[in-house]
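Here the structure is laid out as structure tokens; the discussion comes afterwards.
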Amino acid sequence: MQYWLMKSEPDEVSIDDVMSAKDKTVPWFGVRNYQARNFMRDAMQEGDGVLFYHSSCPEPGIAGIAEVASGPYPDATQFDPKSHYYDAKATQEQPRWISVDVKGVRKTRLLSLAEMRTLPQLADMVVLQKGSRLSITPVTAAQWKQVLALLKGA
DNA sequence: GCCAACGTTGGC
DNA sequence: GCCAACGTTGGC
């Protein structure tokens with residue numbers, strides 16, 4: 001069992017979108033970074049815990065709890081010429097990009113990035129490190145516990 | 001819109 | 001393999 005922080009632009013897929021989706025489950029499409037892809041492909045397992053993070057928005061921060069709900073499979077958007085995420089170098093035989101399904105557990109209060117930065121117990125989170133841009137980052141069990149405690153009942 | 005930081009591309 | 005140029009991310 002591992003834990004992850006996954007960034008999503010709420011304009012594209014918000015925690016509300018996830019919680020109102022069928023089975024509260026959405027495909028995590030559009031990852032176009034090899035390191036993030038490799039986390040999904042090589043390290044994630046069904047049932048892993050996910051901190052659902054809103055990025056590139058007025059108030060970035062953790063907006064909910066989710067879980068990994070599938071193994072890795074090819075990201076359909078890479079094959080779609082109309083998609084923003086289309087990749088001409090990807091083929092059905094040799095996909096480059098993958099998705100996993102993510103299932104919402106609950107929407108929480110927003111634990112804003114600004115608040116996270118004030119908390120010493122979260123200072124080591126990968127997402128808070130200078131220059132960190134990865135859309136998927138590992139979270140330690142201790143960090144997971146701390147964040148859940150901060151979001152308890154909210 | 002700005003810009004720091006990181007990632008990718010491609011010439012050599 | 002190096003590295004300059006360019007592209008992207010994402011907070012502010």
Side-chain angles (χ1 to χ4, degrees), chain A residues 2-21 26-44 48-68 70 72-140 142-144 146-151 154:
Chain A
Q2 290 184 262
Y3 305 97
W4 308 94
L5 181 143
M6 298 175 78
K7 294 181 185 174
S8 181
E9 300 188 14
D11 283 352
E12 191 152 31
V13 182
S14 72
I15 186 69
D16 290 323
D17 295 331
V18 174
M19 295 310 289
S20 61
V26 297
W28 204 265
F29 61 90
V31 169
R32 293 294 180 269
N33 169 283
Y34 290 106
Q35 209 178 335
R37 179 202 68 181
N38 293 347
F39 281 142
M40 289 196 289
R41 188 189 61 191
D42 304 333
M44 270 188 188
D48 280 0
V50 173
L51 301 175
F52 193 100
Y53 181 96
H54 284 173
S55 71
S56 294
C57 59
E59 271 201 296
I62 294 168
I65 307 296
E67 64 185 30
V68 177
S70 79
Y73 58 90
D75 178 343
T77 63
Q78 70 192 303
F79 307 124
D80 177 3
K82 292 190 295 293
S83 169
H84 172 64
Y85 296 110
Y86 177 64
D87 184 341
K89 292 179 183 163
T91 64
Q92 297 281 347
E93 296 71 32
Q94 290 213 308
R96 292 179 113 187
W97 306 111
I98 65 148
S99 293
V100 298
D101 286 343
V102 170
K103 178 173 182 157
V105 173
R106 65 188 181 96
K107 181 179 179 176
T108 64
R109 77 172 175 92
L110 185 79
L111 176 57
S112 73
L113 178 61
E115 181 177 353
M116 291 170 73
R117 290 201 186 283
T118 69
L119 299 169
Q121 67 269 36
L122 301 184
D124 291 336
M125 285 186 75
V126 177
V127 73
L128 299 182
Q129 303 313 301
K130 183 176 166 145
S132 168
R133 297 186 314 174
L134 263 188
S135 63
I136 299 175
T137 50
V139 171
T140 68
Q143 291 160 356
W144 173 264
Q146 295 282 357
V147 170
L148 259 62
L150 289 161
L151 295 175

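In the text below, chain A, chain B and the rest are named by the order of the sequence lines, each starting its count at 1. Heavy atoms only: backbone and side chains are in, while hydrogens, waters and symmetry mates are out.
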Distance-only donor-acceptor hits, side chain of residues 123-139 of chain A, under 3.5 Å, sequence neighbours excluded:
from	atom 1	to	atom 2	distance (Å)
A/Gln129	NE2	A/Ala123	O	2.8
A/Gln129	NE2	A/Met125	O	2.7
A/Ser132	OG	A/Val126	O	3.2

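- Spacing between atom CG of A/Asp87 and atom C1' of B/dT9 amounts to 14 Å, rounded to whole angstrom units.
- For A/Lys7, the NZ atom is densely surrounded, since the number of other residues' heavy atoms within 6.0 Å is greater than 12.
- Annotation: proximity of residues 120-135 of chain A to DNA chain B (heavy atom, distance under 4.0 Å) is found for A/Lys130, A/Gly131, A/Arg133, numbered in ascending order.
- Of the inter-residue distances, the one linking A/Leu110 atom CG with A/Tyr53 atom OH reads 9.0 Å to the nearest 0.5 angstrom.
- Distance CZ (A/Arg32) to P (C/dG10): 14 Å, rounded to an integer number of Å.
- For A/Leu113, the side-chain atoms get nearest to C/dC12 when compared with the rest of B/dG7, C/dG10, C/dC12.
- Here the side chain of A/Lys7 is nearest to one of C/dC12, B/dT9, C/dG10, namely C/dG10.
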**OP:** Would you sort out whether A/Arg32 and A/Tyr85 count as a side-chain contact (heavy atoms from CB on, under 4.5 Å), showing the intermediate values?
**Re:** CA-CA 8 Å; A/Arg32 293 294 180 269; A/Tyr85 296 110; 3.2 Å; yes
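- If you take CE on A/Met19 and NZ on A/Lys107, they are separated by 9.5 Å, rounding to the nearest 0.5 Å.
- The CZ-P distance, from A/Arg117 to C/dG10, rounds to 13 Å in whole Å.
- The interatomic distance linking A/Ile136 (CD1) with C/dT8 (C1') rounds to 16 Å, in whole Å.
- Closest approach to the A/Tyr34 side chain among C/dC12, B/dT8, B/dG7 is made by B/dT8 (side chain taken as heavy atoms from C-beta onward).
- Between the CG atom of A/Asn38 and the C1' atom of B/dG7 there is a distance of 14 Å, rounded to whole Å.
- The line from OG of A/Ser55 to CD of A/Glu12 is 9.5 Å long, rounded to the nearest 0.5 Å.
- In this structure, OH of A/Tyr53 is placed 15 Å from P of C/dT9, rounded to the nearest angstrom.
- Rounded to an integer number of Å, the gap from A/Arg37 CZ to B/dG7 C1' is 14 Å.
- Residue contacts shown for A/Glu9 are absent, as no nucleic acid heavy atom lies under 4.0 Å away.
- Counting to the nearest Å, the P atom of C/dG7 and the NE2 atom of A/His84 are 14 Å from each other.
- For A/Ser56, taking side-chain heavy atoms from C-beta onward, the closest of the listed nucleotides C/dC12, B/dG7, C/dG10 is C/dG10.
- Remark: the A/Ser99 side chain and the A/Arg37 side chain contain no N/O donor-acceptor pair separated by less than 3.5 Å.
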